Amino acid sequence: MSRIGKKPVTVPAGVTASIEGRVLSVKGPKGTLSLNLRDEISYTVEDGGIVVKPANETKQARAFWGMQRTLVQNLVTGVTEGFSKKLLITGVGYRAASQGKVLKLQLGYSHDVNIDVPEGIEIKTPDQTTVEISGIDKQKVGQIAAEIRRWRKPEPYKGKGIKYDGEFIFRKEGKKK
């Protein structure tokens, strides 16, 4: 039994959820998100919540149960609050600047790194060493944050690079004399 899957997803006031065919769409103050539904799981929209249950007693249905409930919860959270990630840039000469729909990074390469911001994602740079990524789709926010971080991962000796806010970088001792 899935402990996560047992709990119904509460739908707050101002949010509407509807199932049409094999697509669940959730509409809220920040926008609309949709999820393709799996055949192994049954979804019902009741007053005040969305109930996710396995459609049959197969091992595959039980395996998808908790994950599908979490995906439905992410839809509801996205259209009400949204998701955000914060990246910190550490290193001499490393900086970021947001210019419209392009994020310009200077990361010690011979050229600037230009990253196009996808639709539905907002990137802010409050200062030159901080990048704030926000949007309603948790997967897109996490993916763009991972792509930015991939350009210069933090190294273990001085900690230079791009890291998530709150991430701990295990430091190594340098060369001994």
Side-chain angles (χ1 to χ4, degrees), residues 1-88 96-105 113-126 130-151 162-167:
M1 294 293 277
S2 172
R3 283 186 239 169
I4 294 172
K6 286 181 193 175
K7 301 175 188 170
V9 178
T10 58
V11 178
V15 176
T16 59
S18 62
I19 298 174
E20 296 161 10
R22 297 303 300 164
V23 176
L24 169 71
S25 60
V26 179
K27 187 174 183 181
K30 289 195 176 248
T32 305
L33 289 174
S34 62
L35 173 70
N36 291 330
L37 304 179
R38 298 208 46 107
D39 295 330
E40 298 92 352
I41 307 294
S42 69
Y43 308 82
T44 54
V45 179
E46 297 175 354
D47 54 316
I50 303 169
V51 178
V52 180
K53 290 184 179 176
N56 49 39
E57 290 298 318
T58 62
K59 188 174 183 179
Q60 193 172 22
R62 287 193 318 271
F64 282 119
W65 185 14
M67 180 191 66
Q68 290 297 310
R69 191 257 180 215
T70 303
L71 291 175
V72 172
Q73 177 67 52
N74 287 344
L75 294 182
V76 174
T77 306
V79 297
T80 53
E81 303 165 20
F83 295 99
S84 65
K85 292 236 182 222
K86 188 174 181 183
L87 298 173
L88 303 175
S98 179
Q99 298 173 343
K101 283 287 185 183
V102 176
L103 178 68
K104 192 177 285 261
L105 299 171
V113 176
N114 294 326
I115 298 174
D116 294 324
V117 179
E119 197 65 37
I121 299 294
E122 184 179 339
I123 294 183
K124 296 179 189 168
T125 50
T130 306
V131 178
E132 293 176 352
I133 305 160
S134 60
I136 63 172
D137 191 349
K138 186 174 186 176
Q139 194 275 331
K140 281 185 180 178
V141 170
Q143 183 66 38
I144 195 71
E147 288 173 7
I148 292 170
R149 184 180 184 271
R150 191 173 57 204
W151 279 99
I162 303 172
K163 68 175 187 171
Y164 295 111
D165 188 25
E167 179 183 10

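Positions are given from 1 along the sequence. In this text the structure is predicted, and so the values were computed from the model without any measurement.
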Exercise. Nearest 0.5 Å, what's the CG-CG distance between L35 and L24?
Worked result: 6.0 Å

Problem set entry | side chain to side chain contact (heavy atoms under 4.5 Å, CB included) assessment of E167 paired with R149 | CA-CA 12 Å; E167 179 183 10; R149 184 180 184 271; 2.7 Å; yes

Exercise. Which atom names give the shortest non-hydrogen contact between S134 and V141, and what distance separates them?
Worked result: C-CG2, 4.0 Å

Problem set entry | Derivation and outcome, side chain to side chain contact (heavy atoms under 4.5 Å, CB included), residues Q73 and I50 | CA-CA 9 Å; Q73 177 67 52; I50 303 169; over 6 Å; no

For this session: Can you measure from CD1 (I148) to CD (Q143) and round to the nearest 0.5 angstrom?
Result: 10.5 Å

Exercise. Which atoms form the tightest heavy-atom contact between V45 and A17, and what is the distance?
Worked result: CG1-O, 3.7 Å

Seminar exercise, completed: When every non-hydrogen atom of T80 is compared with those of P12, the smallest separation belongs to CG2-CG, 3.7 Å

Exercise. Taking atom NZ of K124 as the centre, does the number of heavy atoms from other residues, nucleotides or ligands within less than 6.0 Å exceed 12?
Worked result: no

Seminar exercise, completed: d(I121 CD1, L103 CG) to nearest 0.5 Å is 12.5 Å

Exercise. Under 3.5 Å, side chain of S42 to main-chain N/O of K53, donor-acceptor pair present?
Worked result: yes

Problem set entry | CD1 (I19) with more than 12 external heavy atoms under 6.0 Å | yes

Problem set entry | Flag, side chain of R69 to backbone of K7, donor-acceptor distance under 3.5 Å | yes

For this session: Identify the residue among D116, I115, I123 that makes a side-chain contact (heavy atoms from CB on, under 4.5 Å) with V102.
Result: D116

For this session: Please report the closest heavy-atom contact between A145 and L87, naming both atoms and the distance.
Result: O-CD1, 3.9 Å

For this session: For K138, look at atom NZ and say whether over 12 heavy atoms of other residues, nucleotides or ligands are found less than 6.0 Å away.
Result: no

Problem set entry | Test item: V23 and L37 side chains (from C-beta on) under 4.5 Å apart, heavy atoms | no

Problem set entry | Heavy-atom check, side chain of V117 versus side chain of I144, under 4.5 Å | no

Seminar exercise, completed: Heavy atoms of A55 and D39 approach each other most closely as CB-O, 3.9 Å

Exercise. Among T32, L33, N74, V11, which residue meets the side-chain contact (heavy atoms from CB on, under 4.5 Å) test with V79?
Worked result: L33

For this session: Show the numbers, then the answer: is there a side chain to side chain contact (heavy atoms under 4.5 Å, CB included) between D165 and T130?
Result: CA-CA 9 Å; D165 188 25; T130 306; over 6 Å; no

Exercise. Is it the case that more than 12 heavy atoms not belonging to E57 sit under 6.0 Å from its CD atom?
Worked result: no

Problem set entry | Euclidean distance, Q60 CD relative to R38 CZ, rounded to 0.5 Å | 6.0 Å

For this session: Mind checking the NZ-CD spacing from K101 to E122? Nearest 0.5 Å is all I need.
Result: 8.0 Å

Exercise. Are E132 and S84 side-chain neighbours, meaning at least one heavy-atom pair lies under 4.5 Å?
Worked result: no

For this session: For P29 and G14, work out which heavy atoms get closest and say how close.
Result: CD-O, 4.0 Å

For this session: Measure from the side-chain N and O atoms of W65 to the backbone N and O of V52, and report whether any donor-acceptor pair falls under 3.5 Å.
Result: yes

Exercise. Could you give the distance from OG1 (T77) to CD1 (I136), rounded to the nearest 0.5 Å?
Worked result: 12.0 Å

